[in-house]
Participant: 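Quick one: the structure is below, and I'll ask about it shortly.
Order of the sequence lines sets the chain letters (A, B, ...), proteins ahead of strands, with each chain counted from 1. Scope of the values below: all heavy atoms of this structure, side chains included, with no hydrogens, waters or symmetry mates.
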Amino acid sequence: MITNKEIARIFDEIADILEVKEGDKFKIRAYRKAARTIESLTQDLSDFSSVTELKKLPSIGDALAKKIHEIITSGKLEYYEELRTSVPEGVLELLSIPNVGPKTVSKLYNECNVTDIESLELAAKNHRLQHLFGMGRKTEERILKGIEQYRRHKERIPLGKAYFQAKNIVKSLENLDAVERIAFAGSIRRMRETIGDIDILVASENPSRVMSAFKALDGITEIIASGDTKSSVIMDDTQVDLRVVRDDSFGSALQYFTGSQLHNIKLRELALKQGLKLNEYGVFKGDQPVAGKREEEVYEALGLPFIPPELREDQGEIEAAIEGELPDLIELNRIKGDLHIHSRWSDGKNSIEEVVDKARSLGYEYVAICDHSPAIGITRGVNEEKLLDEIIEIERINEDLSDFKVLTGIEVDIRSDNTLDLPDKILEKLDIVLAAVHTKFSQSKDAMTRRIISAIKNPHVDIIAHPTGRLIGKRDPYDLDIEAVLDAARDTRTILEINANPRRLDLKDIHARYAKEKGVKVAISTDAHDISQMELMPFGVATARRGWLEPEDVLNTRSLDELMRNLK
DNA sequence: GCCGTTTTCGGCCCGACTGTTTTCAGTCG
């Protein structure tokens, strides 16, 4: 069965081929837009029974609906098969090289017999490119640099890493006299799970001062571009873009630089319809600015409420804003406790007392200590006997606490034979039971779905932890029928975790949104193995926000009493 | 190829930076 991801890839590849063949750019955009739509669907395209159903999807019209239908019914697409014979595969890969776009690729292929990255590198090194029309020595060098950059990092950077790097850059520039305001923008501000580069925005009357301070920062290994108001550098293997505008334009520049690109395009189209123009300098009526200083004003000038950055993915947020139906998103300060923490009783680094101190410093009212069960030897899980001791210890700790409660819990392993690693008679003694898969990730979709649903159906299991098991950039999620899992969770009032660790973010944003649609509640938990990791909660909250979740959708916004009533 | 409370045909976002082609095309975000 063909997956959505594969269909999206086919459409992207068609767009690539059309681009190299210098086809109609709007048609190319249509294929790319459709690919984005398909990628963000939670439902399998192969479950769509008719062309009419497919056409209801945004950016899918008659022609593309028929093509999708052809793919899901026959397994292939005639148009694509024919198209791909016209351009070698290696040629398309050239498009991923920075500074190399479709026009260049087309020229290289047609006039210089370049068919892949290796032959391009050779041609550039032998100076066979600089004599082509429109190319010169510097272009040749730029291409070689691009190849090097492409080989160095193809992968997007995990949010967890980029976020702190961006914060550090802001910190090292914010005290300059020339800097009036500074913020990071781009996909980090939208809190996407991975990011391509770091975008920093500064308001200043003296851009050149800011630029030179920026370019002198520690860790910069290369300056890619350097203009009056915009510079790009490579810093610690990551591209960092800095843009400077006047304070009057800071709001609109922040809006522009935050993206996403699709969100911005739709917003500018909306502006045009109202006889306005939107760019990074402001909202304009004719050449008269009507907004720009603050980001809120930009949306207001277009007749919209403020749209939080996490929603700006062109996933219906602009339509919802027009209708006045934006969600009232959950915020970090609504979180009343962390429901997935490991202590020294299994593989955690800290004592339960240390966890409590940390939780109180974060303003929480409760935590749940959920150590591992024995199945996974490496984590020194707690067996029945040890767990009973741990319960006693927690009771003792609770006696000394006022206005705070430690919940007894476990992260019980769901074994590959669908049974749990500890018997019900001990699970029932606990305040809260998390269940999770830690082994045999490669089971079939059916088997894995049955495995998780069997845990969901256990009367003591309250929460499924990291439900899809992915490690971002390292391990794919296991094959799972997410819809069936959500249905089972709803029917049994089982909660699904959003694991806040930026390596996981699991459930991910679109699954969180799907959970809400299905009426399934989530818990946002850090899975901390060290009390410092309890500070990772904002990443989980951001993922929930990207999933359009509101405080009532999240279990651990509840007071302790309410929380207990919501557990099985 | 999509889409429509101005449109079923004629639109489809916007500007910075670079290099090269002495006025602009290509790439990027």
Participant: With sugar-phosphate meaning primed atoms plus P, OP1 and OP2, does A:Gly136 contact a base, only sugar-phosphate, or nothing at under 4.0 Å between heavy atoms?
Facilitator: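 Sugar-phosphate, backbone atoms only, no base.
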Participant: Please determine if a side-chain N or O atom of A:Thr104 lies less than 4.0 Å away from the OP1 or OP2 oxygen of B:dT27.
Facilitator: yes
Participant: Base, sugar-phosphate or nothing for A:Ser226? Non-hydrogen atoms, less than 4.0 Å.
Facilitator: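 Sugar-phosphate: the residue A:Ser226, judged by heavy atoms under 4.0 Å, touches backbone atoms but no base.
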Participant: Of the options A:Arg546, A:His263, A:Arg192, which is the one that meets A:Glu313 in a side-chain hydrogen bond (donor to acceptor under 3.5 Å, both in side chains)?
Facilitator: A:Arg546
Participant: Taking B:dT22 as the reference, what is the distance to B:dG26 when you measure between their P atoms (whole Å, please)?
Facilitator: 14 Å
Participant: May I ask you to evaluate whether A:Lys25 reaches the phosphate of B:dC2, defined as a side-chain N or O under 4.0 Å from OP1 or OP2?
Facilitator: no
Participant: What distance, rounded to whole Å, do you find between the two C1' atoms, one in B:dG11 and one in B:dT7?
Facilitator: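 About 9 Å, rounded to a whole number of Å.
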Participant: To the nearest Å, give me how far apart CD (A:Gln261) and C1' (B:dC14) are.
Facilitator: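 It is 10 Å, rounded to the nearest whole Å.
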Participant: Can you tell which of B:dT27, B:dC17, B:dG15 lies closest to the side chain of A:Lys103?
Facilitator: B:dT27
Participant: When you measure from the side-chain N and O atoms of A:Asn99 to the phosphate of B:dT27, is any distance below 4.0 Å, counting only OP1 and OP2?
Facilitator: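 False: A:Asn99 side-chain N/O out of range (4.0 Å or more) of B:dT27 OP1/OP2.
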Participant: Salt bridge (Lys or Arg N to Asp or Glu O under 4.0 Å) for A:Asp24 and A:Arg29? Distances and angles first, verdict last.
Facilitator: CA-CA 9 Å; A:Asp24 179 59; A:Arg29 198 173 116 185; over 6 Å; no
Participant: Among the nucleotides B:dT18, B:dG15, B:dG1, which one has an atom lying closest to any side-chain atom of A:Leu64?
Facilitator: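 The listed nucleotide nearest to A:Leu64's side chain is B:dG1.
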Participant: Scan side-chain atoms only and decide if A:Lys215 and A:Ser226 contain a donor-acceptor pair under the 3.5 Å cut-off.
Facilitator: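 A:Ser226 and A:Lys215 do have a side-chain donor-acceptor pair below 3.5 Å.
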Participant: Quick one: do the A:Thr3 and A:Glu6 side chains pair a donor with an acceptor below 3.5 Å?
Facilitator: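 Yes - a donor-acceptor pair under 3.5 Å links their side chains.
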Participant: Considering every strand shown, what is the Watson-Crick or G-U wobble mate of B:dT8 when both distances are under 3.5 Å?
Facilitator: none
Participant: What integer number of Å spans the P atoms of B:dT20 and B:dC28?
Facilitator: 16 Å
Participant: Is there a side-chain contact between A:Lys33 and the phosphate of B:dC12, meaning an N or O under 4.0 Å from OP1 or OP2?
Facilitator: no
Participant: Taking only N and O in the side chain of A:Tyr256, is any of them less than 4.0 Å away from OP1 or OP2 of B:dC28?
Facilitator: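 Answer is no, no contact under 4.0 Å.
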Participant: Over all strands shown, is A:Lys67 touching base, sugar-phosphate only, or nothing at heavy-atom distances under 4.0 angstrom?
Facilitator: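 Sugar-phosphate: the residue A:Lys67, judged by heavy atoms under 4.0 Å, touches backbone atoms but no base.
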Participant: It should be established whether A:Lys230 places a side-chain nitrogen or oxygen under 4.0 Å from OP1 or OP2 of nucleotide B:dA16.
Facilitator: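 Checking A:Lys230 against B:dA16: no side-chain N or O falls below 4.0 Å of OP1 or OP2.
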Participant: Taking 4.0 angstrom as the limit, do A:Lys5 and A:Asp44 come out as a salt bridge?
Facilitator: no
Participant: Would you please confirm or rule out a distance under 4.0 Å between OP1 or OP2 of B:dC17 and any side-chain N or O of A:Thr229?
Facilitator: yes
Participant: Determine the interatomic distance between C1' on B:dC3 and the same-named atom on B:dT8; round to the nearest Å.
Facilitator: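 Result for the C1' pair: 9 Å, nearest Å.
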Participant: Report which part of the nucleic acid A:Leu267 touches: base, sugar-phosphate, or nothing (heavy-atom distance under 4.0 Å, all strands).
Facilitator: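 No contact.
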Participant: Given the C1' atoms of B:dT18 and B:dT23, what is the spacing between them in whole Å?
Facilitator: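 Looking at atom C1' only, B:dT18 and B:dT23 are 15 Å apart.
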Participant: Expressed as a whole number of Å, how far does the P atom of B:dT27 sit from that of B:dT21?
Facilitator: 15 Å
Participant: A:Arg137 near the nucleic acid: base, sugar-phosphate alone, or nothing, with a heavy-atom cut-off under 4.0 Å?
Facilitator: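 Counting heavy atoms under 4.0 Å across all strands, the contact made by A:Arg137 is with sugar-phosphate only.
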Participant: For B:dT20 and A:Thr139 - does any side-chain N or O of the residue sit under 4.0 Å from the phosphate oxygens OP1/OP2?
Facilitator: yes
Participant: Nearest to the A:Phe133 side chain among B:dG26, B:dT21, B:dG29, which nucleotide is it?
Facilitator: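 Comparing B:dG26, B:dT21, B:dG29 against the side chain of A:Phe133, the answer is B:dT21.
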Participant: Applying a 4.0 Å non-hydrogen cut-off, can you work out what A:Asp24 is touching in the nucleic acid: base, sugar-phosphate, or nothing?
Facilitator: base
Participant: Kindly state whether the ring of A:Phe184 and the ring of A:Tyr163 have centres lying under 6.0 angstrom apart.
Facilitator: yes
